[in-house]
Amino acid sequence: MTYIGKSVKRVEDRRFLTGQGRYTDDIKLPGMTHAYILRSPYAHANILGIDISEAEKAPGVVKIYTGADIVASGVNGVPCGWQVDFKNGDTMKEPPHPLLVADSVKHVGDAVAMIIAETKEQARDAAELIEVDYEELPAVANPAEAAKPGAPLVHKDAPNNICFDWELGNPKEEVRAALDNAHHVTTLEFVNQRMVPNAMEPRSAIGHYDTAHEKFTLYTTSQNPHLTRLLMCAFVLGIPEHKVRVVAPDVGGGFGSKIFHYTEEALVTWASREIKRPIKWTSDRSEAFLTDAHGRDHVTKAEMGFDKDGNIVGLQATTYANLGAYLSTFAPAVPTYLHGTLMQGLYTTPKVNVDVTGMFTHTNAVDAYRGAGRPEATYLLERLLDLAALEMGRDPAELRLQNFIAPFDGVEQPGYQTQVALQYDSGNYHEVLKRGLEMVGYEDFRKEQAAAAKEGKLLGIGFSTYIEACGIAPSAVVGALGARAGLFESAQVRVQPTGKVSVYTGSHSHGQGHETTFAQVVADRMGIPMEDVELIHGDSDAVAFGMGTYGSRSLAVGGSAIVKSIDKVLEKGARIAAHKLEAAVEDLDYAGGKWTVKGTDKSIGFGDIALTAYVPHDYPAGEEPGLDFSSFYDPANFTYPFGCHIAIVEIDAETGKTKLKRFIAVDDVGNVINPMVVDGQIHGGLAQGIGQAMLEGALYDDNGQLINGSYMDYCMPRADDLPSFEIDRTVTPCPHNPLGVKGAGEAGCIGSTPAVVNAVIDALWKAGHKVKDIQMPMTPERVWSAMQSS
């Protein structure tokens, strides 16, 4: 019986596709009230007064809270979960992020009051009766502009709006010398635009205080319920952790935006005790645009130097990273340790320096968004590589192959030590690019491109060969890098007396298919049917500890914790079986769900051992009853998936409209448990990455107003915007986790964006337009303007 490596259909889809999923907003509790959050229409303003007297008289209103109430209660703001120090060793600036603002709002959407009523509509109507006296102040939204002298200050204790400055890699003067002595230097200044996460299910939270047991329950749309419990209890509300249960039921997508502890979660939890009734808050879509943590938003200048043979000799990257008005949970880690540490890419670059300044602006908070720092690093590197090839008259594929790190497996050959702290685990980068070239038919395409040019058609091809760091850990390393929590994972494998198996994992599934993939691992390892395996997750009372799902860590870290517990179950099972079979443990084999005495037909099944463990009448002396083990797994290193993405585009020379004609993706995510699930992850990531290149992007005006805060003007990719993806993979197992997996959740989003932009630039260069960059998303107007200005 083998499940690993097979495209088993997702078991959870039966309830999702038949409308039987249970999401937070589906939950109705007796006596439940509804909350509406009144938010600032200004990006920066002093609050001179709030009059709630008329709103309090409105039908259905139960209670209204303002910032003054929060101050009086002693409740803290939400904390940041990662610390980054200045170059001089000073600690980053960490201003408070209040649950409700009492004095000065700092972005459009900042929370000013919470109205609780019998219905959501009554709460919303009452909010319109609240009069807030604002004194509007100047605002700044661009991170590079925020650093200039005289820019409006977001926080008075953060001079020049700087949260931190940070540097990694070789000394800057060494990199400068390498670039000054280079035969050719490619320079690129660009913006990696701000993105708005758009999960199908908007955020929602229900706070419920049980007066009988003096215990809180928070139902929430979270990727990380245990972290929410930790942050909310220890840093915001100051209540004992064992008095709080956090439940994340079915969650309709996250893409990073639901990792974090949000103010609304603490608000409904705190207020439920105040009014002694449950409170539900659910975001509407426009509110989500304003308040769900955004992603990306870098302003960067990068230089890459080459010798006369085309070997890379140095890289300097300088970035202003927009953090928004407040520090979200992982925000400081994204442009630093998740971005700067990937600046080696797949290349042997001998001198690398990355310099990042984290900036406060009058915009919504920025945090991890699918890929989180890795897409920004890949975009920087892969744009430079393709542009350098065009400038030097080199083939972009050959230039990459020339500069790739040589293959290594991490077992016979050691891991590759980069200039920017990380040591890659294993890789064969030449193979993925060569596979991609075969799939695209590269030589034929160049002939087609040349022929098309004679007919006035603009065809282009773009490459992106990426690496990412997944399975974020080990705890000792991330602690040294500023994490304020361990990044292990826990798992409990409980064998029932009937031989059925319940698996409790701290990894949370919000669309990834854990109930299928994890069950495949358990069934395969234990030699039992998948139907006998049940997965439990997303409930802090059911699962003792957990660190959630993000950064493609679920299988590499969470799955490995499960394997550790399975091994313990089978070791104890073997001792019980040896007793029953009157044999030595070392004389037994375990396969197909039974222990067999080697060289004989004497055997005993897994179900019989399970029953014996709970009915221990004939049992090994000194052995405890039961078959139930828990484990923690803290890996030895990150995992490092990699791949090659290739885009082919056609541009209308008259309008600038770009059509993505083909997209080839060859990814290496290590061993694959369920190919169909991995393919789905890759497809989804590609859609997001291509969306950034061609369609999406949040736009703030100079006053800090989000001017495309709805689906009317924020263009999400649709199916007919995308071609049928051509995907394949190679397999380079991770050498340091028991499953050999590396992670697939973010690969598509990381590799695809620069491939598409490079393809457009390639098409323009072949038509004689020496364009170095086009701001994403590459709308027809931007592409047309680039052609006209070159």
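A quick note: this is a predicted structure, and the numbers were derived from the prediction, not measured.
Summarising the geometry, atom NZ belonging to Lys9 is positioned 7.5 Å from atom CE belonging to Met676; distances are rounded to the nearest 0.5 Å. Separating the OG1 atom in Thr348 from the CD atom in Gln402 is a distance of 9.0 Å, to the nearest 0.5 Å.
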query = Run the salt bridge (charged side-chain N to carboxylate O under 4.0 Å, His left out) check on Lys351 and Glu174 step by step: do they pass?
reply = CA-CA 7 Å; Lys351 300 292 182 185; Glu174 292 183 10; 2.9 Å; yes

inquiry  = Apply side-chain hydrogen bond (donor to acceptor under 3.5 Å, both in side chains) to residues Asn428 and Thr732 and explain how you reach the verdict.
reply    = CA-CA 7 Å; Asn428 187 343; Thr732 307; 5.8 Å; no

task = Apply side chain to side chain contact (heavy atoms under 4.5 Å, CB included) to the pair Arg176 and Glu303, showing each step before the final yes or no.
result = CA-CA 10 Å; Arg176 189 73 260 159; Glu303 300 169 89; 3.1 Å; yes

key: Step-by-step side-chain hydrogen bond (donor to acceptor under 3.5 Å, both in side chains) determination, Gln316 to Asn353   = CA-CA 5 Å; Gln316 175 66 57; Asn353 179 274; 2.9 Å; yes

task = Evaluate the criterion side chain to side chain contact (heavy atoms under 4.5 Å, CB included) for residue pair Val677 and Asp679; output intermediate values, then yes/no.
result = CA-CA 5 Å; Val677 169; Asp679 288 352; over 6 Å; no

inquiry  = What verdict does the side chain to side chain contact (heavy atoms under 4.5 Å, CB included) test give for Leu433 and Leu401, after you've listed the backbone C-alpha separation in whole Å, the side-chain angles of each residue and the deciding distance to 0.1 Å?
reply    = CA-CA 8 Å; Leu433 178 51; Leu401 289 168; 3.6 Å; yes

inquiry  = Please evaluate residues Asp309 and His183 with respect to the criterion side-chain hydrogen bond (donor to acceptor under 3.5 Å, both in side chains), reporting the C-alpha separation (whole Å), side-chain torsions for both, the decisive distance (0.1 Å), and the verdict.
reply    = CA-CA 9 Å; Asp309 296 320; His183 177 74; over 6 Å; no

task = Check the pair His510 / Gln512 against side-chain hydrogen bond (donor to acceptor under 3.5 Å, both in side chains), numbers first and verdict last.
result = CA-CA 6 Å; His510 38 277; Gln512 293 89 343; 2.9 Å; yes

task = Evaluate the criterion side chain to side chain contact (heavy atoms under 4.5 Å, CB included) for residue pair Met526 and Val569; output intermediate values, then yes/no.
result = CA-CA 9 Å; Met526 302 187 85; Val569 166; 3.6 Å; yes

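The only member of Val741, Asn674, Val563 that meets side-chain contact (heavy atoms from CB on, under 4.5 Å) when paired with Val521 is Val563. Exactly one residue among Tyr416, Tyr429, Tyr424 makes a ring pair (Phe, Tyr, Trp, His ring centres under 6.0 Å) with Phe642. That residue is Tyr429.
Between Arg435 and Glu431, at least one side-chain N (NZ, or NE/NH1/NH2) sits under 4.0 Å from a carboxylate O, which counts as a salt bridge. Between Arg400 and Glu382 there is a salt bridge, since at least one side-chain N of the basic residue sits less than 4.0 Å from a carboxylate O of the acidic one. Asp668 has no carboxylate O lying under 4.0 Å from a charged side-chain N of Lys742, or vice versa, which leaves the two without a salt bridge. A salt bridge is absent between Lys572 and Asp567: the closest approach of a Lys/Arg side-chain nitrogen to an acidic carboxylate oxygen does not fall below 4.0 angstrom.
A centroid separation of 6.0 Å or more is found between the aromatic rings of Phe545 and Phe488. Checked against the 6.0 Å centroid threshold, His339 and His298 count as a close aromatic pair. Note: Phe404 and Tyr347 meet the aromatic proximity criterion, with ring centroids under 6.0 Å apart.
Residues Phe255 and Gln688 meet the side-chain proximity criterion, which asks for heavy atoms closer than 4.5 Å. In this structure, the side chains of Thr336 and Phe164 come closer than 4.5 Å at one or more pairs of heavy atoms. The side-chain heavy atoms of Leu227 and Phe330, taken from C-beta on, include a pair separated by under 4.5 Å. Between Thr505 and His514 there is no side-chain heavy-atom pair separated by less than 4.5 Å.
Judged by distance alone, with hydrogens and angles left aside, the side-chain atoms of Gln223 form no donor-acceptor pair with the main-chain N or O of His508 at under 3.5 Å. Panel note: side chain Asp728, backbone Val666; no donor-acceptor pair is recorded below 3.5 Å. Thr549 contributes no side-chain N or O that, together with a main-chain N or O of Ser509, makes up a donor-acceptor pair within less than 3.5 Å. Checking side-chain atoms of Arg296 against main-chain N and O of Gln692 turns up no donor-acceptor pair under 3.5 Å.
For Arg553 and Tyr550, the positive end sits near the middle of the six-membered ring, less than 6.0 Å away and at most 45° from its axis.
For the 3.5 Å distance criterion, the side chains of Ser475 and Asp634 qualify, holding a donor opposite an acceptor. Defined by atom type and a distance below 3.5 Å, a donor-acceptor pair is missing between the side-chain atoms of Lys301 and Thr187.
When all heavy atoms of Pro738 and Tyr633 are compared, the pair lying nearest together is CD-OH, 4.0 Å. Here the shortest heavy-atom pairing between Leu588 and Ala574 reads CD1-O, 3.6 Å. Taking every heavy atom of both residues into account, Asp667 and Ala747 meet most closely at OD1-CB, 3.9 Å.
A 6.0 Å sphere centred on CD of Glu586 holds more than 12 heavy atoms belonging to other residues, nucleotides or ligands.
Note: Tyr640 and Phe638 have tilted aromatic rings, judged against thresholds of 30 and 60 degrees for the angle between ring planes.
Under the side-chain hydrogen bond (donor to acceptor under 3.5 Å, both in side chains) criterion, Tyr504 pairs with Arg494, not counting sequence neighbours. By the side-chain contact (heavy atoms from CB on, under 4.5 Å) test, Asp409 pairs with Val411, Glu412, Gln413, sequence neighbours left out. Remark: Met392 pairs with His184, Phe306, Ala388, Arg394, Leu399 by the side-chain contact (heavy atoms from CB on, under 4.5 Å) rule, at least two apart or across chains.
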